[in-house]
Amino acid sequence: MRLICLGRTCVTFINSIFMFCSLSLVAAGVVAKLASDIGFINGLEDQVKEYLNSTTANIGTSNNGINDLSVAEHLDGMALIFIISGCVLFFLSFCGCCGALCNNKTSMTIYAMIITVMFIAEIVVVILLYTAPNTIQDAILDVLYESLKNYNGLGNFDTTTLGWMFFMKEMNCCGVYGYWDFSMTHTDNWRKPGLVSTKLDAPIICCVKEPLSPSRADTSCAREETFDIHTQGCFSAVWDVIMGNSLYTGIVFSVAFVFQLLLIIFSCILIAGNKGKSKLAGACKWIRIFSDCFLWLMEHCQ
């Protein structure tokens, strides 16, 4: 009996934390959706716009479209992922709390099954990250390379080009793995931007210092024999931030696994020992009514 009480307390407590985290995810998604109104992001945008305007003026190319740079537009997809993930996590943790408090065996069974599937999936992903990272990296790289093919360079400020320029400028990186990646672009416009007389081997945006004129001397930073560019690829820069410190990453994964394993164990204990009526019968009645109304609305709104 004490074990069941302990299990109910732990499941309720941990899922209450997850409910708070889910609301934080939704809040982060809303913030990303409203990025255009955030001073910090606007400041980054202004810095990149100032750099691009100055560079295009120095090398004698058009700056039409630079003012269309919008970080918020590129964050829309991420915002949607955060909001959906937050809603799913909230629904799952809400079911866990209700199943534990209301002694609902069906709810706890569904909850335990979902948590178990997630636990197994996460273990598979972690194993792949450490034993066969290329499996995950290749999927990400395919998307990045496909996007990079549409890069046009200075003077051709479409959404993809502006997105890559912003990212490379802020992360101090060049290409996916390096400057040679730009050889696969659909156009070579970036090789001779503006008044630059001879072809470049890397985009101007990759230069460590901004060229002051279209002369060969000033644009030498983008030529192989006199390179002065950011040598790290953007994929490597981001991957190093995420997986660079294996100790901290391992601790995060371990804590997440322990929490989920406890939830699975205690959920199974509650399912096996779920015989009596809950002391929160009144509250559970209203929860069931709410759930029935929600399901009815979902069925009739399709």
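It should be emphasised that the depicted structure is a prediction, and the values quoted were computed from it without experimental measurement. In what follows, every heavy atom counts, from backbone to side chain, and hydrogens, waters and symmetry copies are set aside.
- Residue pairs meeting the side-chain hydrogen bond (donor to acceptor under 3.5 Å, both in side chains) criterion with at least one member in residues 175-184, sequence neighbours excluded, are Tyr179-Glu224.
- Considering CG of Asp228 and OG of Ser220, their distance stands at 8.0 Å, rounded to 0.5 Å.
- With rounding to the nearest 0.5 Å, the separation of OH in Tyr151 from CE in Met184 is 14.5 Å.
- The pair Glu50-Lys169 fails the salt-bridge criterion, with no side-chain N (NZ, NE, NH1 or NH2) lying under 4.0 Å from an Asp/Glu carboxylate O.
- Rounding to the nearest 0.5 angstrom, the gap separating the CG atom in Leu262 from the OG atom in Ser267 is 10.0 Å.
- Taking the six-membered ring wherever Trp is involved, the centroid distance between the rings of Trp190 and Phe182 falls below 6.0 Å.
- Residues forming a side chain to side chain contact (heavy atoms under 4.5 Å, CB included) with Cys21 (at least two apart in sequence, or on another chain): Ile17, Leu89.
- Contact annotation: the side chain of Leu52 approaches that of Leu162 to within less than 4.5 Å [non-hydrogen atoms, C-beta and beyond].
- Side-chain atoms of Thr161 come within 3.5 Å of backbone N or O of Asn152 as a donor-acceptor pair.
- Note: Trp164 CH2 to Ser147 OG = 6.0 Å, rounded to the nearest 0.5 Å.
- Shown here are the side chain to side chain contact (heavy atoms under 4.5 Å, CB included) partners of Asn58, two or more places apart in sequence or in another chain: Ser54, Glu210, Leu212.
- By the 30° and 60° cut-offs, the orientation of the rings of Trp239 relative to Phe235 is parallel.
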